[in-house]
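Here is the structure we will look at.
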Amino acid sequence: MNTNLQEAYIIHSKAYKETSMLVTFFCRSDGKVTVVAKGSKRPKSKFSGNLEPFQKTQIDFVGKSTLKTLITCDAVGPFNEFCTRVNLYSAFYINELINTMVKSNEDPEGLFDLYEDCMQKLYSSTETEIILRSFELDLLRLLGYEINFSSDYISGGDIDSDSSYSYKAQMGFTKSNGGYKGEDLIEIKKRNFNHNNLLIAKKITKQTLEFYFEELNVNSRSFFK
């Protein structure tokens with residue numbers, strides 16, 4: 001029998017029929033995969049305790065259709081608690097971003113490591129906003145939607161620290177009479193975050209994500225509630 005044994009994290013789950021769960025894993029080799037965990041709602045299920053979000057697991061599944069069947073799911077290492085409740089909520093946000101933005105047939109190269117690194121930082125660090133902004137920027141880059149903080153999309157010239165710029169998602173920045181200061185954009189590109197440019201980065205990434213959510217027919221208002 002062919003094996004699909006690999007490391008994975010649960011990013012979404014819901015009830016399926018009377019005793020089963022429909023679970024979406026983010027896998028190291030196969031990317032986003034949705035499986036049926038048959039009988040997982042039963043008290044003595046072999047999956048009991050291992051279908052929790054943020055727990056690193058090793059799974060195996062079978063099936064030729066889009067919807068696979070989960071065979072095994074074993075926890076890898078102990079389950080860690082997030083250092084703050086804000087970080088817990090942020091981890092759910094990261095899961096929703098992956099579930100929304102990553103296609104089921106997306107090559108996971110780089111994405112899995114990015115996700116895992118983000119989760120590890122959320123377990124232990126209180127610099128939550130820096131972690132989230134860095135993840136959003138890197139996710140957009142790996143998916144081919146990178147925000148260009150280096151140059152003016154109309155003139156092609158480098159971003160000038162003494163100028164101001166307006167921003168359009170999918171296009172980029174261009175000089176304007178008001179808007180974002182060039183010096184802030186340069187620091188965001190370098191990931192030299194401070195309180196002020198973190199707020200700017202959040203506004204820019206939110207605008208960008210909303211643009212692509214609209215293409216995906218996702219209600220961004222409920223996403224960013």
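We're numbering straight along the sequence, starting at 1.
- Hydrophobic cluster membership is shared by L139 and F26, with clusters built from Ile, Leu, Val, Met, Phe, Trp and Tyr side chains linked at under 4.5 angstrom.
- When all heavy atoms of S166 and S176 are compared, the pair lying nearest together is N-OG, 3.3 Å.
- Using a 4.5 Å cut-off on side-chain heavy atoms (C-beta onward), K175 and D152 make contact.
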Pair F47-T72, side-chain contact (heavy atoms from CB on, under 4.5 Å): steps then yes or no: CA-CA 7 Å; F47 302 123; T72 62; 5.6 Å; no
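- Side-chain heavy atoms closer than 4.5 Å link hydrophobic residues (I, L, V, M, F, W, Y) into clusters, and following such links, even through other members, never connects L67 to V33.
- Here OG1 of T57 is found 8.5 Å from CG of D74. Values are rounded to the nearest 0.5 Å.
- Grouping Ile, Leu, Val, Met, Phe, Trp and Tyr by side-chain contacts under 4.5 Å, direct or through others, leaves L5 on its own.
- Summarising the local packing, NZ of K56 is surrounded by more than 12 heavy atoms from other residues, nucleotides or ligands at distances under 6.0 Å.
- Using a 4.5 Å heavy-atom threshold, the side chains of N95 and M119 count as touching.
- To the nearest 0.5 angstrom, L122 atom CG is 12.0 Å from N80 atom CG.
- In terms of heavy-atom proximity, P108 sits nearest to C27 at CB-O, 3.8 Å.
- Cluster membership for I11 and L51, using ILVMFWY side-chain heavy atoms within less than 4.5 angstrom, is not shared.
- Taken to the nearest 0.5 Å, the CG atom of L140 stands 9.5 Å off from the CZ atom of F135.
- No option in V23, I10, N50, D60 other than N50 meets the side-chain contact (heavy atoms from CB on, under 4.5 Å) test with C73.
- Two residues are said to be in side-chain contact when any heavy atoms from C-beta on lie closer than 4.5 Å; K203 and I200 fail this criterion.
- Heavy atoms only, all atoms of each residue included: N87 and S125 are closest at ND2-O, 2.7 Å.
- Between Y145 and Y212, the distance separating the two ring centers is shorter than 6.0 angstrom.
- Closest approach of S124 to C83, counting heavy atoms only: C-SG, 3.9 Å.
- Side-chain contact between Y167 and L185 is absent, with no heavy atoms from C-beta onward closer than 4.5 Å.
- Residues S40 and S45 approach most closely at CA-OG, 3.3 Å, considering heavy atoms.
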S90 vs T128, side-chain hydrogen bond (donor to acceptor under 3.5 Å, both in side chains): CA-CA, chis, key distance, verdict: CA-CA 8 Å; S90 298; T128 313; 5.3 Å; no
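- To the nearest 0.5 Å, atom CD1 of residue I204 and atom NZ of residue K206 are 13.5 Å apart.
- Taking OG of S134 as the reference point, atom CG of L198 lies at 8.5 Å (rounded to 0.5 Å).
- Residues F213 and M101 have side chains in contact (heavy-atom distance under 4.5 Å, counting atoms from C-beta outward).
- The side-chain heavy atoms of I131 and C118, taken from C-beta on, include a pair separated by under 4.5 Å.
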Steps toward side-chain contact (heavy atoms from CB on, under 4.5 Å) verdict (L143, L111): CA-CA 9 Å; L143 294 177; L111 289 170; 4.1 Å; yes
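- Within the 4.5 Å cutoff, the side chain of F25 has heavy atoms near those of the V35 side chain.
- Cluster annotation: Y9 and I59 are assigned to distinct hydrophobic clusters (Ile/Leu/Val/Met/Phe/Trp/Tyr, side-chain heavy-atom contacts under 4.5 Å, transitive).
- The aromatic ring centres of F82 and Y123 sit less than 6.0 Å apart.
- Remark: aromatic rings of F149 and F173 are close, center separation under 6.0 Å.
- In this structure a side-chain-to-backbone donor-acceptor pair under 3.5 Å is missing from T19 to R42.
- Applying the 6.0 Å contact sphere to CD of E214 captures no more than 12 heavy atoms from other residues, nucleotides or ligands.
- In this structure the side chain of L209 reaches within 4.5 angstrom of the side chain of L97, judged on heavy atoms.
- Heavy atoms from other residues, nucleotides or ligands lying under 6.0 Å from CD of E96 number more than 12.
- A side-chain donor-acceptor contact under 3.5 Å links Y93 and E136.
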Check against side-chain contact (heavy atoms from CB on, under 4.5 Å), K202 and E129: CA-CA 9 Å; K202 184 175 183 177; E129 290 299 312; 4.0 Å; yes
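- Each salt bridge (charged side-chain N to carboxylate O under 4.0 Å, His left out) pair with one or both residues in residues 28-41, not counting sequence neighbours, appears once here: E7-R28, R28-D113, R28-E116.
- With rounding to the nearest 0.5 Å, the separation of CG in L137 from CZ in R141 is 9.5 Å.
- Surrounding CD of E127 are at most 12 heavy atoms belonging to other residues, nucleotides or ligands under 6.0 Å away.
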Stepwise side-chain contact (heavy atoms from CB on, under 4.5 Å) test for V36 and L70: CA-CA 6 Å; V36 176; L70 188 65; over 6 Å; no
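- Of all heavy-atom pairs spanning I130 and F193, the tightest one is CG2-CD1, 3.9 Å.
- Note on F92: it clusters hydrophobically with I98, by side-chain heavy-atom contacts below 4.5 Å among ILVMFWY residues.
- A donor-acceptor contact shorter than 3.5 Å links the side chain of N197 to the backbone of N192.
- No more than 12 heavy atoms of other residues, nucleotides or ligands sit less than 6.0 Å from atom NZ of K181.
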